[in-house]
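Data first, discussion second: the structure below is written as structure tokens.
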Amino acid sequence: MGRVRVLPWVTVENAAERSVCERYANRIRAYALRHLRDSSAAQDLVQHVLLAVLSALREGRIEDPARLDAYVFGTCRNAVMDMRRGEARQRRIAESVALELPLRLEPAWVGPDRVRLENCLRELEARDRAVVLETFVEDRNAEEIGRALKLTSGNVRVIRHRALLRLQGCMDGGPG
Amino acid sequence: MSVCSKAIPFETSVALWMDELPADEAAAVEEHVFVCDECSKSFDRFARLAIGIRELIPMVISHAHRARLVNRGIRICNTPVEASRTTRARFSPDLDLLVNVLKADLSGVDSVDLELSSQDGSSRLLLEDVPFDAGSGEVLVACQRHYEDMFPGDPIMRVYAVQGGARRHVGDYLVEHVWK
């Protein structure tokens with residue numbers, strides 16, 4: 001198998017590398033989204049970590065293939081810490097990725113359907129929708145939301161959890 | 001795909017995302033979620049939903065949210081809109097967002113509702129308890145490109161104020177949008 005561009009932004013040398021990209025791309029992205037809360041920054045991190053892992057594999061720096069999960073996870077963790085050290089570092093990571101990938105195409109990852117998500121949110125009860133939007137859009141924790149809505153933080157967590165389950169079900173093909 | 005013997009419950013994924021787990025537990029859950037086929041898929045689904053909500057621009061936004069969007073580099077055109085007058089706003093190609101700034105006296109108001117309805121009355125959408133700024137007397141309606149076909153024609157935006165349990169009509173607003 002020759003060089004192929006399997007994930008749109010990563011050229012892989014062989015089937016083993018391809019399977020590494022397929023196994024880890026979404027895991028790295030989910031990890032990055034949790035820590036960075038930004039899909040563009042998460043995208044940069046996916047590319048950065050995959051390049052680092054593929055380089056390590058090509059150079060034989062991963063001695064025990066059974067430890068690959070731990071290696072990728074550790075690389076992810078270090079990269080996020082680097083990115084958190086400052087925007088300048090974050091910019092350098094993005095620039096290094098761009099330099100190493102002369103033909104950078106759009107990533108395959110697609111976020112949720114925005115119109116569907118808006119419809120699903122509208123299907124929620126007003127209070128549940130308010131809790132969800134306050135949580136994710138306004139970045140408020142359960143205590144802050146509880147104070148604003150005259151609820152206990154425990155109630156807020158239960159409302160939030162149930163609303164998110166309903167949203168997930170709606171996005172997966174339920175009403176909405 | 002391997003079967004997980006200790007699948008992470010949905011509420012634990014939410015708590016992990018929200019940084020509500022004790023540090024030791026968070027580290028263990030995060031590592032498990034990363035290496036486990038089943039849990040990584042579940043967490044990826046949740047992360048997509050969470051970031052989707054986070055990056056969503058609600059139809060009515062707070063002033064703080066507008067400031068964050070500006071900081072993120074979103075190109076916004078603010079159009080002041082007075083009640084009972086027709087205002088024109090152009091969604092030119094260099095813009096990401098039109099913000100229709102509905103002007104009203106909202107002093108002392110507890111909450112604000114916004115109703116959007118098509119001019120022929122065939123479609124109606126009620127948004128309750130929307131963000132507003134009593135000081136400036138403004139409700140910010142964030143008009144996005146994918147709204148173009150939401151209503152047949154430009155909707156009437158009807159603002160209601162709730163004060164002391166009573167709801168009163170504040171005004172009707174109409175913006176003629178030019179979408180190109």
Side-chain angles (χ1 to χ4, degrees), chain A residues 23-40 42 68-70 72-74 76-77 109-118 120-122 125-127 129-130 132-139 141-142 149 153 157-158 160-165 167-168 170-172, chain B residues 1 9-20 26-27 29-37 39-62 64-65 68-69 72-73 111 113 125-131 142 144-147 149-150:
Chain A
R23 176 172 173 78
Y24 293 109
N26 284 345
R27 298 173 199 227
I28 299 166
R29 184 177 293 102
Y31 181 93
L33 287 173
R34 163 167 135 66
H35 288 277
L36 303 172
R37 303 285 206 255
D38 180 286
S39 50
S40 301
L68 188 57
D69 280 351
V72 180
F73 183 64
C76 242
R77 198 168 41 200
W109 189 77
V110 179
D113 178 333
R114 191 162 57 165
V115 174
R116 184 169 188 87
L117 182 53
E118 286 174 358
C120 289
L121 273 166
R122 276 198 284 275
E125 298 285 329
R127 187 184 64 175
R129 183 170 54 247
V132 169
L133 292 178
E134 287 290 309
T135 301
F136 293 99
V137 177
E138 301 293 338
D139 256 342
N141 63 32
L149 298 181
S153 55
R157 289 190 184 97
V158 171
R160 186 184 68 198
H161 163 228
R162 289 179 180 163
L164 288 169
L165 270 177
L167 272 179
Q168 187 113 68
C170 181
M171 293 300 291
D172 286 348
Chain B
M1 191 173 90
F10 185 76
E11 55 264 46
T12 306
S13 291
V14 177
L16 176 67
W17 183 276
M18 296 303 303
D19 287 328
E20 289 172 351
V29 168
E30 187 157 68
E31 186 157 5
H32 174 76
V33 159
F34 195 88
V35 301
C36 169
D37 292 347
C39 294
S40 67
K41 276 192 191 294
S42 300
F43 192 71
D44 178 54
R45 277 175 67 225
F46 173 67
R48 283 170 197 257
L49 176 66
I51 208 69
I53 299 167
R54 182 181 174 79
E55 294 183 351
L56 200 68
I57 302 175
M59 201 172 274
V60 182
I61 58 175
S62 65
H65 193 173
R68 284 200 302 276
L69 293 172
R72 270 172 46 196
S111 64
D113 297 340
L125 180 64
L126 176 64
L127 305 168
E128 296 176 293
D129 201 5
V130 297
Q144 297 161 71
R145 283 198 191 276
H146 66 283
Y147 290 179
D149 299 320
M150 186 178 275

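Order of the sequence lines sets the chain letters (A, B, ...), proteins ahead of strands, with each chain counted from 1. We use all heavy atoms of the structure for the numbers below, so side chains are in, but hydrogens, waters and symmetry mates are not. No experiment lies behind these values; they were computed from the predicted model shown.
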Look at [X] together with [Y] and state whether they make a salt bridge at an N to O cut-off of under 4.0 Å.
| X | Y | result |
| --- | --- | --- |
| Glu30(B) | Arg77(A) | no |
| Glu128(B) | Arg127(A) | no |
| Arg48(B) | Asp113(A) | no |
| Arg34(A) | Asp19(B) | yes |

Residue part contacting chain B, namely of [X], when any heavy atom lies under 4.5 Å:
| X | value |
| --- | --- |
| Val72(A) | both |
| Leu117(A) | side chain |
| Asp139(A) | side chain |
| Leu121(A) | side chain |

_Tell me whether the rings of Phe34(B) and Tyr31(A) are parallel (<30°), tilted (30 to 60°) or perpendicular (>60°)._
perpendicular

*Can you name the ring-ring contact (aromatic ring centres under 6.0 Å, His included) partners of Tyr24(A), sequence neighbours left out?*
none

_With His161(A) via ring-ring contact (aromatic ring centres under 6.0 Å, His included) - residues at least two apart_ = Phe10(B)

_Arg37(A) CZ to Arg54(B) CZ distance, which is reported to the nearest 0.5 Å_ = 6.5 Å

Which answer fits [X], side chain, backbone, both or neither, if we ask what part of it has an atom under 4.5 Å from a heavy atom of chain A?
| X | value |
| --- | --- |
| Ile61(B) | neither |
| Arg45(B) | both |
| Glu11(B) | both |
| Phe46(B) | both |
| Glu31(B) | both |

*Answer yes or no: is there a side-chain heavy-atom contact under 4.5 Å between Arg157(A) and Glu20(B)?*
yes

_Working for side-chain contact (heavy atoms from CB on, under 4.5 Å), residues Arg27(A) and Asp37(B)_ = CA-CA 9 Å; Arg27(A) 298 173 199 227; Asp37(B) 292 347; 2.7 Å; yes

